[in-house]
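The sequence lines fix the lettering, A, B, ..., with proteins before strands; numbering per chain opens at 1.
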Amino acid sequence: VDFILAVLLLLGSTIGAQVGAVFGRKLKADQLKILLACIVLVVTVKIVFELTLTPSLLISQAGGH
Amino acid sequence: MHIRIYAFILHYTRLLGSTRFLGALVLMLVFALWQFATPGPASAMLTAKANHDHITVDFFYHGSTVSVKGESDTGVDLIVKITSPEGHQVMKQKGKVGGLLWMNVGQLKFENTPNFYEVFSTKNLDDILAQDEREKYVIGYPALAKHVAITPAANEEEKAKWFNEFVKYKEDAKVYASSDGKITTTMLPNGHQEYYILTDWPYQAAPGDYLVTVYAVKNNKVTEQAEAKVNVEQVGMVKTLANMAKSSAAFYGFLSIGIALGAGFGVGMVFRKGGGSH
């Protein structure tokens with residue numbers, strides 16, 4: 001486990017949640033819906049590309065010793 | 001007592017007289033002379049020392065460097081191989097489903113495979129070492145490909161394809177490497193040559209023992225070899241947490257949740273005190 005990465009993830013998510021809460025209060029409901037829809041769309045496009053384009057590596061780790 | 005000694009001498013005098021014994025004696029003499037005349041891998045000219053042989057993995061560890069140096073005979077080429085113990089690895093195999101989507105379609109098992117494999121040489125391996133010698137000492141990717149067993153692989157072509165993918169994956173993870181020209185050599189006043197190589201040690205290399213083998217090569221044959229060891233060990237907090245994750249997984253899980261909750265409450269309190277709420 002990369003502990004520095006874990007600490008950064010912890011700090012980023014906790015501080016990010018607070019920042020998000022502050023911005024969430026300032027934005028209107030429709031604006032929030034559009035923002036959320038955009039995020040879902042971007043993730044969908046990424047997944048579609050990953051599934052259809054030939055991956056650079058044809059194998060990935062599953063286990064072993 | 002004297003009778004016993006006499007019988008002993010008589011026995012060996014008879015033996016000395018026999019043709020079989022003399023034949024065996026001549027054979028032994030010829031074998032001993034051949035051993036002296038042929039320089040073999042047992043010669044102790046080549047030395048190897050890994051200068052950073054104990055790498056400690058602490059909280060801020062992000063890889064290290066390892067240097068190997070030593071002395072060798074002049075006029076030889078050198079190969080430095082760093083490997084982890086061999087084991088078996090299971091990999092997910094990707095393939096096209098329905099002729100359109102790339103998905104995991106099965107598993108591949110790799111036997112006799114080191115998790116870490118790096119080979120450095122003074123010149124191109126193909127130019128300095130014969131193929132049978134490379135296969136004997138498992139030096140270079142083609143030799144490793146012959147050494148590794150992959151299942152399922154229908155034929156040699158398929159095996160070669162998946163081995164190449166495996167090497168690509170490992171090189172991407174910085175745990176496999178093969179290059180020439182990184183070893184520097186300098187002449188010493190005593191007529192020997194000193195060699196030196198400095199290589200990056202990736203943080204992806206798991207804790208454990210690694211074997212550094214240096215081969216002296218002449219006339220396409222390995223003439224000598226020397227070994228050194230590199231040990232990678234977790235220390236301090238990292239070791240405690242890694243051991244806890246293995247031995248008390250449930251406690252480790254609850255501790256992680258506790259830390260995450262504590263961090264959330266702490267940051268929440270800071271933001272509340274900051275006056276952001278209304």
Side-chain angles (χ1 to χ4, degrees), chain A, chain B residues 57-62 85 87-97 100-111 113 115 161-162 164-166 168-173 203-204 206 237-238 241-242 245 256 259-272 274 276-278:
Chain A
V1 179
D2 190 331
F3 289 103
I4 296 294
L5 195 68
V7 169
L8 288 174
L9 197 70
L10 188 71
L11 287 174
S13 57
T14 47
I15 296 169
Q18 299 298 328
V19 173
V22 171
F23 274 99
R25 281 188 213 112
K26 287 179 181 170
L27 289 170
K28 288 174 187 169
D30 287 345
Q31 288 172 323
L32 271 173
K33 276 180 201 167
I34 291 165
L35 192 67
L36 203 66
C38 286
I39 292 168
V40 172
L41 270 174
V42 169
V43 173
T44 309
V45 169
K46 187 181 178 286
I47 290 171
V48 168
F49 268 109
E50 279 176 358
L51 282 170
T52 51
L53 294 178
T54 307
S56 59
L57 297 168
L58 292 180
I59 53 175
S60 59
Q61 192 77 46
H65 62 259
Chain B
V57 179
D58 58 16
F59 207 75
F60 299 100
Y61 175 73
H62 210 76
H88 95 270
Q89 290 179 54
V90 184
M91 311 296 291
K92 285 180 194 161
Q93 176 189 351
K94 279 183 186 164
K96 258 192 174 176
V97 178
L100 184 70
L101 304 175
W102 285 94
M103 296 169 90
N104 290 326
V105 289
Q107 287 191 332
L108 286 165
K109 283 177 187 156
F110 292 77
E111 302 290 343
T113 319
N115 199 27
K161 178 199 165 188
W162 288 117
N164 288 341
E165 285 297 325
F166 180 75
K168 221 160 81 174
Y169 172 81
K170 291 286 180 185
E171 282 188 340
D172 193 57
Y203 71 89
Q204 293 95 331
M237 176 82 92
V238 174
L241 288 171
S256 306
I259 290 171
L261 282 172
F265 277 121
V267 174
M269 279 169 72
V270 170
F271 269 74
R272 226 172 287 145
S277 61
H278 56 94

Trainee: Rounded to the nearest 0.5 Å, what separates atom CG in A/Leu57 from atom NZ in B/Lys92?
Mentor: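 Here the interatomic distance stands at 14.0 Å.
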Trainee: Please confirm whether the backbone N or O of A/Leu58 pairs with a side-chain atom of B/Glu165, one donor and one acceptor, at under 3.5 Å?
Mentor: yes
Trainee: Given heavy-atom pairs under 4.5 angstrom as the criterion, report whether the side chain, backbone, both or neither of A/Leu53 touches chain B.
Mentor: backbone
Trainee: Rounded to the nearest 0.5 Å, what separation is found between the CE atom of B/Met91 and the CD atom of A/Gln61?
Mentor: 4.5 Å
Trainee: Quick check for you: to the nearest 0.5 Å, what is the distance between B/Leu108 atom CG and A/Ser60 atom OG?
Mentor: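 So the CG of B/Leu108 and the OG of A/Ser60 are separated by 10.0 Å.
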Trainee: Under a 4.5 Å cut-off applied to non-hydrogen side-chain atoms, are B/Trp102 and A/Thr54 in contact?
Mentor: yes
Trainee: Report the residues that fulfil ring pair (Phe, Tyr, Trp, His ring centres under 6.0 Å) with B/Tyr61, sequence neighbours left out, ordered by chain and then residue number.
Mentor: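 If we apply the ring pair (Phe, Tyr, Trp, His ring centres under 6.0 Å) test to B/Tyr61, skipping adjacent residues, there are no hits.
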Trainee: What pair of heavy atoms forms the shortest contact from A/Pro55 to B/Lys94, and how long is it?
Mentor: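 So the minimum-distance heavy-atom pair works out to CG-CD, 4.1 Å.
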Trainee: If you measure from CZ on B/Phe110 to CD1 on A/Ile59, what distance do you get to the nearest 0.5 Å?
Mentor: 4.5 Å
Trainee: Assess the residue pair B/Met103 and A/Leu51 against the criterion (side-chain contact (heavy atoms from CB on, under 4.5 Å)); give the C-alpha distance rounded to whole Å, side-chain angles, the decisive distance to 0.1 Å, and a yes or no.
Mentor: CA-CA 7 Å; B/Met103 296 169 90; A/Leu51 282 170; 4.1 Å; yes
Trainee: Is the backbone N or O of A/Ser56 less than 3.5 Å from a side-chain atom of B/Lys168, with the two atoms forming a donor-acceptor pair by type?
Mentor: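 Yes: the side chain of B/Lys168 pairs with the backbone of A/Ser56.
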Trainee: Taking side chain as C-beta onward, heavy atoms only, is B/Phe59 less than 4.5 Å from A/Val7?
Mentor: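 Yes, side chains in contact.
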